[in-house]
Amino acid sequence: MRMTVIGTGYVGVVHAACMADIGHDVLGVDIDEGRVAALSEGKAPIYEPGLNELLARTVRSGRLRFSTSTTDAARFARLHFVCVGTPQVRGGEAADVSHVDAVVDSMAPHVQPGSLIVGKSTVPVGTTARLGARLRAVAPHSEIAWNPEFLREGFAVADTRRPERIVVGVESRRAEAVLREIYQPMLISGVPFFSTDPATAELVKVASNAFLATKISFINAMAEVCDAAGADVVTLAEAVGADPRIGHRFLQPGLGFGGSCFPKDIRAFAARAEELGAGEAISFLHQVDEINTRQRRRTVDLARHLVGGSFAGLRIAGLGAAFKPESDDVRDSPALDVASAIRREGAEVRVHDPEAVDNARHRFPGLQYALDVPKACEGADLVLHLTAWPEYREISPAELGSVVRNRQILDARATLDAASWRSAGWTLSALGRPKITGMYTD
Ligand code: UDX
């Protein structure tokens with residue numbers, strides 16, 4: 001089927017390439033000329049496992065090409081996916097939907113009769129209905145549907161090829177039939193398909209993110225209680241998660257969530273619920289947000305305590321800059337938030353990350369960067385483990401011990417093997433683990 005994908009960020013570029021890979025004829029559209037030029041040569045604008053190979057293959061096949069023109073897009077197909085960003089509005093909590101609006105407004109006068117515009121961006125509930133009315137006023141025989149995207153960064157290609165579920169919010173049987181046809185290879189392989197009204201589809205996305213964010217903040221709240229009570233949050237999470245009704249996933253305590261989705265999505269959801277008069281129902285999301293932000297402050301506080309009360313003149317190593325492992329994304333990264341807060345208090349902070357150094361340098365030029373772990377840790381008074389890259393679990397504590405000034409590490413992701421660090425002469429500390437840290441004196 002011929003289709004366009006408008007917006008070639010994380011969601012758009014992966015969707016476009018995966019759609020071409022399952023046999024569709026795809027035109028990717030973006031206003032960024034440099035990005036379109038690179039994509040046309042099959043070069044991925046982001047680090048995402050498997051994406052470079054997939055892009056190169058699909059561009060070479062001729063089934064995937066790129067353009068900067070939405071009028072080209074309108075001519076190319078009668079099916080258009082909208083994958084532009086919905087960031088947090090400046091000076092507020094709500095989602096800024098101006099990019100989504102602009103795409104629909106610019107396409108509307110040019111779309112072919114009978115076109116279907118399918119939104120994938122995360123939007124406030126009610127957006128499809130609002131934009132549908134606007135589209136029909138200009139293009140009466142066209143319609144709009146919503147098909148939220150659930151991919152995780154770092155697994156974007158795998159998640160798009162084999163999603164856990166496909167959710168479509170449609171206003172007609174025809175729209176549902178088109179979407180079923182597009183996703184047929186996934187449906188044949190057993191991916192559950194939920195066809196519903198647009199408002200429910202829009203809500204499925206924000207409700208899912210809100211639930212996961214709440215689960216993370218729940219375990220981090222337990223870490224705070226563990227610190228006060230002299231208990232151990234890692235063991236607690238393992239035992240609590242052993243109940244299959246709760247489960248282990250997203251119950252990993254530590255520095256909390258960041259990135260381009262969870263923080264802004266829970267704020268936008270709360271803001272939209274407030275507008276709808278249902279704010280009270282999800283007012284707990286404000287606390288989820290607060291607990292999450294507090295973990296960053298608590299990490300800085302614990303680090304300060306470990307170095308004797310002041311960072312001034314000290315050298316601190318930061319392992320990790322990306323908001324999570326397997327990603328080069330540093331948007332709202334807890335790791336960089338902590339590193340820059342410590343730098344502001346007078347320390348020299350040297351950061352390592354396997355993939356995100358270029359992005360981090362761009363946003364935080366005041367931090368120092370190292371291309372390998374020993375370089376980042378040279379002469380360090382304290383090492384901070386801030387992003388749970390698997391390779392940090394492979395570090396030899398004995399070898400790293402020979403380059404630092406103090407064998408002291410704060411495991412802000414609670415994933416390092418405490419026993420092996422301690423047997424190599426290190427003091428290992430973590431939030432919610434006061435006994436391991438030796439900070440709890442009963
Ligand atoms: C998330 C959703 O998972 C995805 O479905 C949605 O489409 C977009 O938002 P993503 O932002 O890529 O995806 O990251 P995810 O893997 O979900 O992790 C989010 C954050 O939570 C990261 O900062 C991660 O480090 C943190 N996290 C995750 C925890 O702190 N503890 C956990 O147990 C799990």
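One-based numbering, in listed order, for ligands and for the atoms of each.
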Check your understanding: Which pairs with one or both residues in residues 1-25 pass ring-ring contact (aromatic ring centres under 6.0 Å, His included), sequence neighbours excluded?
Key -> H15-F81
Check your understanding: Name the residues with a heavy atom less than 4.0 Å from ligand 1?
Key -> E149, F150, L151, R152, E153, K205, N209, I216, F250, L251, Q252, G256, F257, G258, C261, F262, F323, K324, R413
**Study point:** Cationic tip of R152 above F155 ring, under 6.0 Å, 45° of axis
**Key:** yes
Check your understanding: Can D353 and Y369 be counted as having a side-chain donor-acceptor contact under 3.5 angstrom?
Key -> no
Review point. Is there a side-chain contact between D96 and Q88 (heavy atoms, below 4.5 Å)?
Key: no
Check your understanding: Any cation-pi pair here, R165 with F193, using under 6.0 Å and within 45°?
Key -> no
Review point. Among R296, K324, R363, which one satisfies salt bridge (Lys or Arg N to Asp or Glu O under 4.0 Å) with D332?
Key: R296
